[in-house]
Each structure stands twice: as C-alpha cells, then as structure tokens.
Amino acid sequence: MENQLDQTARDKLKEKAREARERAYVPYSPFPVGAAVLTASGSIYTGANIENASYPLSICAERTAIFQAITAGEREIIALAVTADTARPVSPCGACRQVMNEFNPEMDVMMLNLAGAELSRTAGELLPEHFTAGDLEQS
Ligand code: THU
C-alpha cells in the first residue's frame, strides 16, 4: 500500500492536509488537525477539526474531509493524509476509522506530523472487523 500512489501525489496530499490544519476551529483544545483526501476521480478535498462549546459535537479533521468529498458526489476515496503537531504521526480516532472503512477499506491512510514523520496503513488495517452494511442483515 505504501507506494501505490506516486511520490508527487503523496506530497500534494500532505501539503493540502498541512494547509487545512491552518483553518482548524479549535477554541477548546490547543490541537489543530488537518486532513486531505484523494478520490478515484483525482480530486482532493480537505478538512480540519471543528470544535463546539458543546464539546462532544466537535468533529475530527478526517471526517470533515471525507464528508466534503462525499457531499461533492464522490464515492471512492483512495487516500487520506492527516497531520498534527504531535510527537508521533497523528493517529485517527475509532470513529474516523469506521467512517474511512465505509468508503474504502483499502484506503491508503497517511498519518503524519509536522516534523515529517510518516506512517501508512490501510483503513482496514486500522480497524479490523469493522462494522459493515452486510452486518445490518438480520437473521
Ligand atoms: N482530532 C482530530 O481532528 N483528528 C484526530 O485524528 C485526533 C483528534 C481532534 C478532535 C479534537 O478537536 C482535538 O483533535 C482534540 O481531541
């Protein structure tokens, strides 16, 4: 999975995630996060975390970016980059992992930090045995 995308495409996605981080709305945590997704059609959509005075209503950067793409009519996301100023590459939360898997368990998820560390996994690797549409079948 690591090298499925060429380096130019990977670098572009990382840059977009870094730019999106600058637009995070984080008055309650000091923790801006940026994300960018690449779709099968070749388009890039970005997202940042958006917090709320009612804390649980806050949304992560990853889901913001995915929902932007889906709302634009996209259905296949092939890669996602997420970045924050963390010691290790930022690790997506469980809710975001579930949402990634809805759209592509093979999605190339690039976890990054501002210092340049990087870790790539597929969405399926990040959430094995995720809940699927097939699980909604009742016996
Ligand atoms: N957050 C993200 O946006 N993505 C992650 O991968 C981890 C956490 C956000 C949620 C909240 O706004 C802040 O970071 C602190 O948890």
Side-chain angles (χ1 to χ4, degrees):
M1 211 63 214
E2 181 101 18
N3 296 311
Q4 203 180 37
L5 282 181
D6 66 41
Q7 198 55 48
T8 309
R10 297 175 73 82
D11 289 346
K12 178 84 181 167
L13 206 57
K14 291 185 214 176
E15 182 192 331
K16 290 288 184 186
R18 272 196 304 271
E19 288 173 7
R21 180 178 166 277
E22 304 291 329
R23 300 188 290 273
Y25 176 77
V26 287
Y28 309 106
S29 82
F31 196 73
V33 183
V37 296
L38 175 65
T39 66
S41 67
S43 297
I44 291 176
Y45 299 86
T46 61
N49 51 335
I50 302 169
E51 298 182 344
N52 192 279
S54 177
Y55 295 174
L57 300 186
S58 303
I59 186 166
C60 297
E62 297 93 317
R63 273 175 291 152
T64 306
I66 292 170
F67 294 160
Q68 289 267 53
I70 298 305
T71 305
E74 304 283 356
R75 288 296 180 268
E76 195 183 344
I77 295 170
I78 60 177
L80 180 151
V82 56
T83 192
D85 193 12
T86 39
R88 62 169 183 156
V90 65
S91 185
C93 79
C96 289
R97 293 176 190 214
Q98 175 68 24
V99 170
M100 290 172 196
N101 275 279
E102 177 77 18
F103 296 106
N104 183 9
E106 295 303 314
M107 186 186 304
D108 182 353
V109 183
M110 290 180 260
M111 296 163 274
L112 312 156
N113 68 10
L114 294 189
E118 179 176 347
L119 180 66
S120 287
R121 296 282 184 268
T122 66
E125 286 170 338
L126 290 177
L127 191 62
E129 311 302 337
H130 62 272
F131 188 71
T132 69
D135 294 314
L136 292 170
E137 303 289 332
Q138 300 186 61
S139 51

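One-based numbering, in listed order, for ligands and for the atoms of each.
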*Find out if a path of hydrophobic residues (ILVMFWY) with successive side-chain heavy-atom gaps under 4.5 Å connects F103 to L127.*
no
| message | Salt bridge or not between E62 and R97? Use side-chain N to carboxylate O under 4.0 Å. | response | no
Going by an N to O cut-off under 4.0 Å, is there a salt bridge joining D108 and R10?
yes
The protein heavy atom nearest to atom 9 (C) of ligand 1 is N49 ND2, 3.4 Å
The protein heavy atom nearest to atom 3 (O) of ligand 1 is A61 N, 2.9 Å
(message) Quick one about E74 and S41 (side-chain donor to acceptor, distance below 3.5 Å, no hydrogens or angles considered), yes or no?
(response) yes
| said: If we count only N and O atoms by modelled type, under 3.5 Å, do the side chains of S58 and E51 hold a donor and an acceptor together? | reply: no
Ligand 1 atoms in contact with [X] (distance to a heavy atom under 4.0 Å):
| X | value |
| --- | --- |
| E51 | 11 (C), 12 (O), 13 (C) |
| F31 | 13 (C), 14 (O), 15 (C) |
| E62 | 2 (C), 3 (O), 4 (N), 5 (C), 6 (O) |

Strictly inside 4.0 angstrom of atom 16 (O) of ligand 1, do you find any protein heavy atom?
no
Tell me whether E76 contacts the main-chain N or O of T39 through its side chain, where contact means a donor paired with an acceptor under 3.5 Å.
no
Candidates A84, S58, S91; heavy atom nearest atom 7 (C) of ligand 1 found on S91
Could you tell me whether some N/O pair between V82 and ligand 1 is separated by less than 3.5 angstrom?
no
